[in-house]
Amino acid sequence: MFKNQIKEIVERLKYDASDRDGSNSNSRGLYQYLKDVHVDFTNDAAIGSAKQAIAQGISSLSERQLITIAIEMRNNEVYIGECPNSYCGETIDWEDMNDAIFEEQCSYCCYIEDKRKRA
Ligand SMILES: [Zn+2]
């Protein structure tokens, strides 16, 4: 389970980093997110890898470096791949990840819930 999630984060980082023109909305905010979360990393290898990713691009990282970042994201609980609501399961964009972790659901589900509360 743990191993699968690390692999999922590594694959996501690689896939979204290759989306240079931002055609896939899930990749939006990736580098900004990395800048925001890496300041709380405690593992030196993960901090170094994140700094290299920010300066030279995620594609400059080795598989091993990507794994150190993924483990740190998992340990710090700063990664959520998809909306946990079983009826939704929407992929969480990097730019929405902070909110999604706090709300424990995606922005669309928050919007629907808000609407229902106000009705
Ligand atoms: Zn949702």
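In what follows, residues are counted from 1 in the order of the sequence shown. Read the numbers this way: they start at 1 and go in the same order the structure lists the ligands and their atoms. Only a predicted model underlies this, so the values are computations on that prediction, with no experimental measurement involved. Hydrogens, waters and symmetry mates play no part in the numbers below; they use all other heavy atoms, side chains included.
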Colleague: Does the distance from a Lys or Arg side-chain N to an Asp or Glu carboxylate O, for R12 and E8, drop under 4.0 Å?
Modeller: no

Colleague: Rounded to 10 degrees, what angle sits at the Zn ion (ligand 1) between C83 SG and C106 SG?
Modeller: 110°

Colleague: Which angle, to the nearest 10 degrees, do you find at the Zn ion (ligand 1) between SG in C88 and SG in C109?
Modeller: 110°

Colleague: To the nearest 0.5 Å, what is the distance between CG on D114 and CD on E103?
Modeller: 8.5 Å

Colleague: Determine whether N26 and W94 satisfy the following criterion, side chain to side chain donor-acceptor pair (under 3.5 Å), listing intermediate values before the conclusion.
Modeller: CA-CA 7 Å; N26 298 147; W94 295 98; over 6 Å; no

Colleague: Considering residues, nucleotides and ligands other than K14, do more than 12 of their heavy atoms fall under 6.0 Å from its NZ?
Modeller: yes

Colleague: Is there an N/O/S atom in C110 at a distance below 2.8 Å from the Zn ion (ligand 1)?
Modeller: no

